[in-house]
Amino acid sequence: MTASDGPSIPLRHRLMAWWRGYDAAEYHAWQSGDAPPKGHGHSLDDLIPKVPVLSMVDHTEARIEVLQRLFGPGFTSPGGPEYAVEMVKPLGLTPERSLLDLSAGLGGGAAAIVKRFGGWVTGYEMDPELAEWAPSVIGTLKGGDHVTVRGFAPESLSLRPDSFDCVLSRESMFVVRDREAMLKSIHAVLRDWGQLVITDYVLPTEAEPSDQIKAWLESEDLTYKPWAKQEYEKAFAELGFDVRVLEDRSEEHRHHIRDTFARFVESLDGSDPLAEDPARRSALIVEAERWARRAALMESGELALYRFFLIKPEKKETTE
């Protein structure tokens, strides 16, 4: 059975087979009572139907809907509101403390933070599609009335110096080409004793990445590799950050990915518009592939998700 035979196998069975490592045709036969599953390790091309050609409007609207069906209203990645709140707990947020979110997505995480801690969140998002749709999504979320999201390009980020108490960046720095410049901009925007939380994908070493990592980068349209943990540490030291927490959260992140898709495939049925509409089906396949690749690389140890908690010390007075 190949991708050209795709219409004969329900999308629910394709996704479940792919996620669990079975051949799609064998898994479908097993679920239909015709044969037991056997064999693992088939290629993605064998398990996923060909992606249809869509207009940009169809693609964008379908992508936004699929992301929220997978991850929850306003969210574009696994973990949900609980994870969003947990990531900022070290910041000691209060309604009086200002927070800059440089990975705002559709605003779901920022709205959850406002709901839990109060205050306002100023959000920026690098993905133009997400930034464009964020205002309409935020308006439907509890806490969203205290969140703003606008688009930005990392190379042109310009914010008033010493203007925020806290900065947050979740799994977005790895897509920035000039990370040193981005970190300098973050350092500048923080007030004295300001706090920064970064979660990001990192490589185990600074050596040439594996073929699997190169294939992943190509699938994400990236021509430059993520940093290793040591490169982050060097950049933090050069800027004078005080590193308080540096921890590997890969296993937790991988479980979030697995749990998200396990819940999703269990909820699919034959009448689900995500399985029937070409635009939604295409967007779902793209997201499933994206997160399956990341989970597999973390499971093999070729990629990790780290959390960094940093403080910007007060400027030292210079004397002549």
Side-chain angles (χ1 to χ4, degrees), residues 64 67-68 71-77 79-176 178-179 181-200 236 239 241 307-312 314:
I64 300 302
L67 286 171
Q68 294 185 91
F71 306 121
F75 285 88
T76 60
S77 60
E82 296 82 7
Y83 178 70
V85 168
E86 181 191 353
M87 286 298 101
V88 299
K89 279 184 178 179
L91 300 176
L93 293 173
T94 67
E96 291 72 37
R97 306 200 75 190
S98 55
L99 173 63
L100 172 65
D101 184 352
L102 292 173
S103 50
L106 294 171
I113 291 168
V114 168
K115 184 180 175 183
R116 173 64 177 81
F117 300 105
W120 293 76
V121 176
T122 301
Y124 283 83
E125 173 54 47
M126 286 182 278
D127 186 312
E129 291 180 353
L130 300 184
E132 181 182 359
W133 278 77
S136 61
V137 173
I138 290 169
T140 67
L141 304 176
K142 189 170 183 179
D145 55 340
H146 281 205
V147 176
T148 60
V149 176
R150 54 181 64 89
F152 82 106
E155 61 273 11
S156 59
L157 179 64
S158 180
L159 296 169
R160 183 165 55 87
D162 306 316
S163 56
F164 284 92
D165 297 304
C166 306
V167 176
L168 172 65
S169 174
R170 293 165 297 202
E171 294 98 69
S172 62
M173 288 289 289
F174 78 101
V175 305
V176 176
D178 192 346
R179 298 183 192 105
M182 184 73 166
L183 287 172
K184 286 179 182 177
S185 297
I186 293 173
H187 186 273
V189 81
L190 278 170
R191 297 181 176 125
D192 288 346
W193 302 116
Q195 300 172 93
L196 166 63
V197 169
I198 294 176
T199 58
D200 200 27
F236 295 152
L239 288 169
F241 276 114
R307 181 173 75 106
F308 306 100
F309 173 48
L310 319 168
I311 293 177
K312 175 185 175 180
E314 184 178 8

Note: Lys312-Asp162 ion pair, threshold 4.0 Å (strictly below): yes
Would Leu106 and Phe71 satisfy side-chain contact (heavy atoms from CB on, under 4.5 Å), going step by step from the backbone distance to the final call? CA-CA 11 Å; Leu106 294 171; Phe71 306 121; over 6 Å; no
Kindly indicate whether the side chain of Asp165, heavy atoms from C-beta on, has any atom under 4.5 Å from the side chain of Glu96. no
Supply the atom-to-atom distance Glu129 CD to Thr76 OG1, rounded to the nearest 0.5 angstrom. 12.0 Å
For the residue pair Arg170 and Ala84, what are the closest heavy atoms and their distance? NH1-CB, 4.0 Å
Evaluate the side-chain proximity of Pro73 to Leu141: yes if any heavy-atom separation is below 4.5 Å, no if none is. yes
Are the side chains of Val147 and Asp101 in touch, meaning some heavy atoms are under 4.5 Å apart? no
When you look at Ile311 and Trp193, which way does the side-chain contact (heavy atoms from CB on, under 4.5 Å) test go after all the steps? CA-CA 6 Å; Ile311 293 177; Trp193 302 116; 3.9 Å; yes
Look up atom OG in Ser172 and atom CG in Asp127, then write down how far apart they are to the nearest 0.5 Å. 11.0 Å
How close do Ser77 and Glu171 get, counting heavy atoms only, and between which atoms? OG-OE1, 4.3 Å
Between Arg179 and Met173, what is the shortest heavy-atom contact and its length? NE-O, 3.0 Å
Any sub-3.5 Å donor-acceptor pair from Arg97's side-chain atoms to Leu91's backbone N or O? yes
For residues Phe236 and Ile198, determine if any side-chain heavy atom of one lies less than 4.5 Å from a side-chain heavy atom of the other. yes
Can you find a pair of side-chain heavy atoms, one from Val88 and one from Val197, that are under 4.5 Å apart? no
Could you tell me if the side chain of Leu93 sits less than 4.5 Å from the side chain of Cys166, heavy atoms only? yes
If I compare all heavy atoms of Pro135 with all of Val149, which pair ends up nearest, and what's the gap? CG-O, 4.3 Å
Flag side-chain contact, heavy atom, 4.5 Å: Leu99 against Phe164: no
Can you pull the ring-ring contact (aromatic ring centres under 6.0 Å, His included) pairs that have at least one residue in residues 93-122, sequence neighbours excluded? Trp120-His146
List in chain and number order the residues that pass ring-ring contact (aromatic ring centres under 6.0 Å, His included) with Phe152, two or more places apart in sequence or in another chain; answer none if no residue qualifies. Tyr124
Gap separating the CG atom of Leu239 from the NE2 atom of His187, nearest 0.5 angstrom: 5.5 Å
Pro154 and Met126 have their tightest heavy-atom pair at CG-SD, 3.2 Å
Sub-3.5 Å donor-acceptor pair from the side chain of Thr140 to the main-chain atoms of Ser136, do we have one? no
Is a donor on one side and an acceptor on the other found under 3.5 Å between the side chain of Ser169 and the backbone of Ser103? no
How far does CZ of Arg150 sit from OG1 of Thr122, to the nearest 0.5 angstrom? 6.5 Å
First locate atom CD of Gln195, then atom CG of Leu310, and finally report the distance between them rounded to the nearest 0.5 Å. 10.0 Å
Measure the spacing between CG of Leu102 and CG of Leu168 and express it to the nearest 0.5 Å. 8.0 Å
Under the 3.5 angstrom rule, does the side chain of Thr199 hit a backbone N or O of Arg307 as a donor-acceptor pair? no
Intermediate values then yes/no, side-chain contact (heavy atoms from CB on, under 4.5 Å), Met182 and Leu157: CA-CA 8 Å; Met182 184 73 166; Leu157 179 64; 4.1 Å; yes
